[in-house]
Amino acid sequence: MSADPSPPFAPLPPAAARADLPTLAMLELAGADAGDFLHGQLSSNVKALAVDAAHYASYNSAKGRMLATLIVWRRADDRYALVLAADLADTIRRRLAMFVMRAKVAVTAVARPLRGVLGANAAPVIAAALAPSLRVTGSPVPADAWSAWSSRCCAGATVLHLPDGRFLVDVDDALPAAIAALPVAGENVWRWCGVRAGVPVVTAVTSDKLIAQEANWELLGGVDFRKGCYPGQEIIARMQYLGRLKERLRGFHIDTAVVADGTALAAHDGTTAAGIIVNAAPSPTGGSDLLAVVRNELADVFGLAIDGVALSPRALPYAVPVLDNVRVKL
């Protein structure tokens, strides 16, 4: 590993805020075989999930390409939720249902909208919102004592604590008063927090284009290399143990207000293909911050550009391995 010399992304805004998340959706898988079914379909060890816990996973093609990035959230013994990009939800629902066959599991879309709470002071707000459920022997339990990926329920709301400090909120009806009273942030702020955390979300324009390691998915815990078979497992494992990646996910900033997911990157000469934007969001300091999968030999070149506008590298909050620019034929 080597230290990234590029400057970090801006810090989180101090004030807590809430956001509607229309570009995210949930699927529910329920039934006696739900856990076993998902374990055989996804890149993560679903069988290891405890009730009220969650983790990252991917759903992959037979060629090892990520069809979707997922949050797998175990809601009960026989009930799981998958959080994913809304523009992929119906496609992934139909694909999963196609492989159910005789398994005792139903795959359905969840109509409830997801909300988020973000900001450096989000944890105390969540603690206040869920105060009745955050007690052990009568004493309040602070929200920052939650482990990453744990969830809590109170008054019709279920809150999932993400590793980067954001909170996903699934509400049956009305938001808890402490959350409803927060100022409203646009969904772009939620997306920017994900970019800052180095957590990519595969959407329709990037589906079936990236191997998990190219998106740093194994660095984020989204791949379990010791579990059994799942679609694309052979390709992903071969890349991990025998191959060398040609591209990696990295952070950048550009002085352009609007950048679309799926936008192609070019090298300084304007013609050499350099990579693809996975996610981008307006930065609180101006311009846009983005996550892009970039060819390793170009990753430290300050001449990457979109339509002639230069990109500046920004450090991710985790180390990215330095790899040779060689890859086995897959």
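When a residue number appears, it is its place in the shown sequence, counting from 1. In this text the structure is predicted, and so the values were computed from the model without any measurement.
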(request) Could you walk me through whether Val294 and Phe252 pass side chain to side chain contact (heavy atoms under 4.5 Å, CB included), step by step? (result) CA-CA 10 Å; Val294 178; Phe252 296 92; 3.6 Å; yes
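Separation of atoms CG (Leu160) and CZ (Arg166) is listed at 10.5 Å; rounding is to 0.5 Å. To the nearest 0.5 Å, atom CG of residue Leu311 and atom CG of residue Leu265 are 6.0 Å apart. Annotation: the span from Leu291 atom CG to Asp261 atom CG amounts to 9.5 Å, rounded to 0.5 Å. Distance check: Leu49 CG to Leu38 CG gives 9.5 Å after rounding to the nearest 0.5 Å. Interatomic distance, CE of Met66 versus CD of Glu214, reported as 9.5 Å (0.5 Å rounding). Going from atom CG of Leu168 over to atom CG of Leu24 covers 7.0 Å, rounded to the nearest 0.5 Å.
Between Leu220 and Pro200 the shortest side-chain heavy-atom distance falls below 4.5 Å. Within the 4.5 Å cutoff, side-chain heavy atoms of Leu175 are placed close to those of Arg18. Side-chain atoms of Leu249 and Leu210, non-hydrogen and from C-beta on, never get closer than 4.5 Å to each other.
Nearest heavy atoms, Ala310 versus Ile254: O-CG1, 3.6 Å. The nearest pair of heavy atoms linking Pro163 to Ala148 is CA-CB, 3.8 Å. A pairwise comparison of heavy atoms in Pro317 and Ala197 identifies CG-O, 3.5 Å as the closest pair. In terms of heavy atoms, Pro321 sits closest to Leu219 at CD-CD1, 3.8 Å. Heavy atoms only, all atoms of each residue included: Ala212 and Val223 are closest at CB-CG2, 3.9 Å. The minimum heavy-atom distance between Ala266 and Ala274, with the atom names listed, is C-CB, 3.9 Å.
Ile276 and Val205 sit in two unconnected hydrophobic clusters of ILVMFWY residues. Membership requires side-chain heavy atoms under 4.5 Å apart, directly or through other members. Cluster annotation: Leu304 is connected to Leu290 through the hydrophobic network of ILVMFWY side chains, with a link wherever side-chain heavy atoms come within less than 4.5 Å. Residues Val51 and Val46 do not share a hydrophobic cluster, defined by chaining ILVMFWY side chains whose heavy atoms lie under 4.5 Å apart. In this structure, Val107 is a member of the same hydrophobic cluster as Leu70, with clusters built from ILVMFWY side-chain heavy atoms closer than 4.5 Å. Grouping the Ile, Leu, Val, Met, Phe, Trp and Tyr side chains by contacts below 4.5 angstrom, directly or via other members, places Val201 apart from Val195.
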Check: residues 112-124 side-chain donor-acceptor pairs under 3.5 Å, at least two apart:
from   : atom 1 : to     : atom 2 : distance (Å)
Arg112 : NE     : Asp170 : OD1    : 2.8
Arg112 : NH2    : Asp170 : OD2    : 2.9
Asn121 : ND2    : Pro14  : O      : 2.7

Quick one: side chains of residues 95-103, donor-acceptor pairs under 3.5 Å with protein atoms, not counting sequence neighbours, listed by atom name and distance.
none

Acceptor/donor pairs from residues 79-90 side chains to any protein atom, 3.5 angstrom cut, sequence neighbours excluded:
from  : atom 1 : to     : atom 2 : distance (Å)
Arg79 : NH1    : Glu28  : OE1    : 3.1
Tyr80 : OH     : Arg74  : NE     : 3.3
Asp87 : OD1    : Ala204 : N      : 3.3
Asp87 : OD2    : Ala204 : N      : 3.3
Asp90 : OD1    : Arg93  : NE     : 3.3
Asp90 : OD1    : Arg93  : NH2    : 2.8
Asp90 : OD2    : Arg94  : NE     : 3.0

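The hydrophobic cluster containing Leu12 also includes Trp192, under a criterion of side-chain heavy atoms closer than 4.5 Å among ILVMFWY residues, counted directly or through chains of members. In this structure, Val258 stands alone, with no Ile, Leu, Val, Met, Phe, Trp or Tyr side-chain heavy atom under 4.5 Å from its own, directly or through other members.
With sequence neighbours excluded, the residues forming a side-chain contact (heavy atoms from CB on, under 4.5 Å) with Gln233 are Cys229, Tyr230, Ala237, listed by chain and number. For Ser44, the side-chain hydrogen bond (donor to acceptor under 3.5 Å, both in side chains) criterion is met by His55, not counting sequence neighbours. In this structure, the side-chain hydrogen bond (donor to acceptor under 3.5 Å, both in side chains) partners of Asn216, at least two apart in sequence or on a different chain, are Arg248, Tyr318. Shown here are the side-chain hydrogen bond (donor to acceptor under 3.5 Å, both in side chains) partners of Thr158, two or more places apart in sequence or in another chain: Arg75. Residues satisfying the side-chain contact (heavy atoms from CB on, under 4.5 Å) test with Lys47, not counting sequence neighbours, are Asp36, His39, Asn45. Qualifying side-chain contact (heavy atoms from CB on, under 4.5 Å) partners for Thr23, counting only residues two or more places apart in sequence or in other chains: Glu187.
Counting only distance, with no hydrogens or angles, the side chain of Ser58 and the backbone of Ser43 share no donor-acceptor pair below 3.5 Å. Using a distance-only test at 3.5 Å, with no hydrogens or angles considered, no donor-acceptor pair links the side chain of Thr256 to the main chain of Gly287. Judged by distance alone, with hydrogens and angles left aside, the side-chain atoms of Ser207 form a donor-acceptor pair with the main-chain N or O of Leu67 at under 3.5 Å. Proximity of a side-chain donor or acceptor of Arg295 to a complementary backbone N or O of Ala273 within less than 3.5 Å is detected. Within the 3.5 Å criterion, the main-chain N or O of Leu245 finds a donor-acceptor partner in the side chain of Asn296. Although no hydrogens or angles enter the test, the distance criterion places a donor-acceptor pair under 3.5 Å between the side chain of Gln213 and the main chain of Ile236.
Screening residues 56-78 for ring-ring contact (aromatic ring centres under 6.0 Å, His included) gives Tyr56-Trp149, Tyr56-Trp217 as the qualifying pairs, with residues at least two apart or on separate chains.
Test His253, Arg191, Arg196 against Asp289 for side-chain hydrogen bond (donor to acceptor under 3.5 Å, both in side chains) and you get one pass: His253.
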